Protein chains: 2
Amino acid sequence: MPWPKSTKTVRIRKGNLYAADCPTRDVLDDVTSRWGSLVLVLLLESSYRFSELAYLIGGVSEKMLAQALRVLEADGFVLRTVHATKPPKVEYSLTPFGREVAEPMKVLTEFVQKNVGKVMAHRERSKARVA
Amino acid sequence: MPWPKSTKTVRIRKGNLYAADCPTRDVLDDVTSRWGSLVLVLLLESSYRFSELAYLIGGVSEKMLAQALRVLEADGFVLRTVHATKPPKVEYSLTPFGREVAEPMKVLTEFVQKNVGKVMAHRERSKARVA
DNA sequence: CGGCATCCGCATAGATACTG
DNA sequence: CAGTATCTATGCGGATGCCG
């Protein structure tokens, strides 16, 4: 490599979030996943049944929703409660732990929601610059 | 469908975050993407060059990093500054707007980082229950 | 150095059908 | 209702090579 290296001394992160093999990455992926994030924010305001979530979250397939829920449950964020009624009824809610993760996620989604216009405008300007 | 519908009246979200065709989803995906999220949190503390980011973020390929940076730039979160030196030097930093999104994301990553152990423990117990 | 273009395989999203 | 099972194919993401 005939090219000079970076001149800046790079501080290595104390935490291992940036290490490729750290499980932190996996957990973060679960939380920030396309459907997982929406589930967390929704459950922050109320518990919901499977079909209610499927209805509320536009464009999600049953498979993907079930998958996201199972992962979040395994991680300890979501509680799955089966009511042995006929027909079966399954309630999903947040654990206290899940509530803690969901909170900043909600802040994030609300910020994005509030500023979509700004982002879209910026995207247009970027596109124009290329064309 | 011989099955009874949901008995709970479901409030339709005011925002359209949950609509399948809403651009809010796209933006959220950019921000919460595997590499995008890490980039945002890193740039919160300092600006970095491309190669520095590539070094700091373990496991990222140049392609994916460049891709993440380009979308974040197009969205108006990241500023790309080219120094016409020899060899070329490109600095990436957050815009004030980007700083606003990155903040809650940092809260999220720090929470996850702090509680990885708890999650991993819960995962083990879940696995045990299945086996 | 900081990219972009290209190729390519495996993962995984998603549609559909079926079940307790 | 609340999921699983099965199948397909799209596309993410990695590897490589070239260029300003």
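All chains are named by letter (A, B, ...) in the order of the sequence lines, taking the proteins before the strands, and each is independently numbered beginning at 1. Here the structure is a predicted model, which is why all the values come from computation and not from measurement.
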Over all atoms of both residues, closest heavy-atom pair of B/V60 and B/A54: CG1-O, 4.0 Å

A/P88 side chain, from C-beta outward: closest of D/dC1, C/dG3, C/dC1: D/dC1

Heavy-atom closest pair, residues B/A74 and A/H122: O-ND1, 2.9 Å

Pairs satisfying ring pair (Phe, Tyr, Trp, His ring centres under 6.0 Å), at least one member in residues 66-86 of chain A, at least two apart: A/F77-A/F97

Side chain to side chain donor-acceptor pair (under 3.5 Å) against A/Q67, all qualifying residues, sequence neighbours excluded: none

Bend angle of the helix from C/dC1-D/dG20 to C/dG20-D/dC1, from helix axes over five pairs at each end, nearest 10°: 60°

Residues forming a side chain to side chain donor-acceptor pair (under 3.5 Å) with A/R123, sequence neighbours excluded: B/D30, B/D75

Side chain to side chain contact (heavy atoms under 4.5 Å, CB included) partners for A/L53, two or more places apart: A/L42, A/L43, A/Y48, A/L65, A/L69, A/Y92

Flag side-chain contact, heavy atom, 4.5 Å: A/K89 against A/F50: no

d(CD, B/E52; C1', C/dG2) in whole Å: 13 Å

Contact letters for nucleotides 11-19 of chain C, in which S counts primed atoms plus P, OP1 and OP2 and B counts the base, heavy atoms under 4.0 Å: --BBB----

Cationic N near anionic O, under 4.0 Å, A/E110 to A/K114: no

